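Each remark here refers to the structure printed beneath this line.
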Amino acid sequence: THFCEHMLCNGTARFPTRKAMTDYMSENTGTINAFTSRNELRLYGRILGENVGKLIDVLAEQLQNSLLICIMPKQVKLRYGKEDRISTHK
């Protein structure tokens with residue numbers, strides 16, 4: 001689940017970098033974050049009530065349009081043992 005967290009949180013079609021996402025949230029009085037445990041991955045955020053639509057928009061963007069990139073193949077091999085188990089697309 002931790003690997004999936006990184007895959008979802010490091011860029012989308014609309015926000016190509018994690019910084020772009022966090023900057024957008026900051027500009028709209030909010031924050032976003034994520035965490036994993038053994039059995040769950042949780043994406044969450046905090047924002048003023050008047051901007052809740054913007055938070056929902058960013059979270060939906062992460063789930064629907066993630067670029068699914070974050071770890072280079074060498075890092076995958078070091079961390080997970082087999083490079084060929086992970087496909088990286090650009």
Side-chain angles (χ1 to χ4, degrees):
T1 56
H2 190 234
F3 182 74
C4 292
E5 174 190 341
H6 285 272
M7 297 288 282
L8 290 171
C9 294
N10 279 347
T12 69
R14 187 167 152 210
F15 304 104
T17 65
R18 174 81 176 154
K19 184 174 179 349
M21 275 190 268
T22 57
D23 286 351
Y24 176 80
M25 290 302 296
S26 292
E27 292 166 7
N28 290 286
T29 68
T31 62
I32 55 170
N33 210 334
F35 80 88
T36 55
S37 68
R38 185 171 185 203
N39 297 315
E40 71 180 308
L41 183 156
R42 188 175 299 181
L43 303 172
Y44 64 96
R46 294 182 65 135
I47 200 162
L48 292 175
E50 64 196 48
N51 293 333
V52 73
K54 293 179 191 264
L55 173 60
I56 292 169
D57 187 40
V58 170
L59 294 173
E61 177 75 10
Q62 284 180 282
L63 293 172
Q64 295 175 355
N65 298 312
S66 177
L67 298 176
L68 301 178
I69 57 171
C70 78
I71 298 178
M72 301 304 291
K74 186 175 183 179
Q75 292 170 304
V76 171
K77 185 175 183 179
L78 290 172
R79 194 158 184 189
Y80 297 98
K82 288 191 176 180
E83 223 172 305
D84 59 354
R85 289 174 51 191
I86 305 298
S87 175
T88 56
H89 297 91
K90 286 193 172 191

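Since the model is a prediction, treat every value here as computed from it, not as a measurement.
Environment of CZ in Arg14: crowded, with over 12 heavy atoms of neighbouring residues, nucleotides or ligands closer than 6.0 Å.
Annotation: side chain of Val58 is in contact with side chain of Met21 (closest heavy-atom distance under 4.5 Å).
Between Gln64 atom CD and Leu59 atom CG the span is 11.0 Å, to the nearest 0.5 Å.
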Review item, side-chain donor-acceptor pairs of residues 25-35, under 3.5 Å, at least two apart:
{"from": "Ser26", "atom 1": "OG", "to": "Thr22", "atom 2": "O", "distance (Å)": "3.1"}
{"from": "Asn28", "atom 1": "ND2", "to": "Tyr24", "atom 2": "O", "distance (Å)": "2.8"}
{"from": "Thr29", "atom 1": "OG1", "to": "Asn51", "atom 2": "ND2", "distance (Å)": "3.2"}

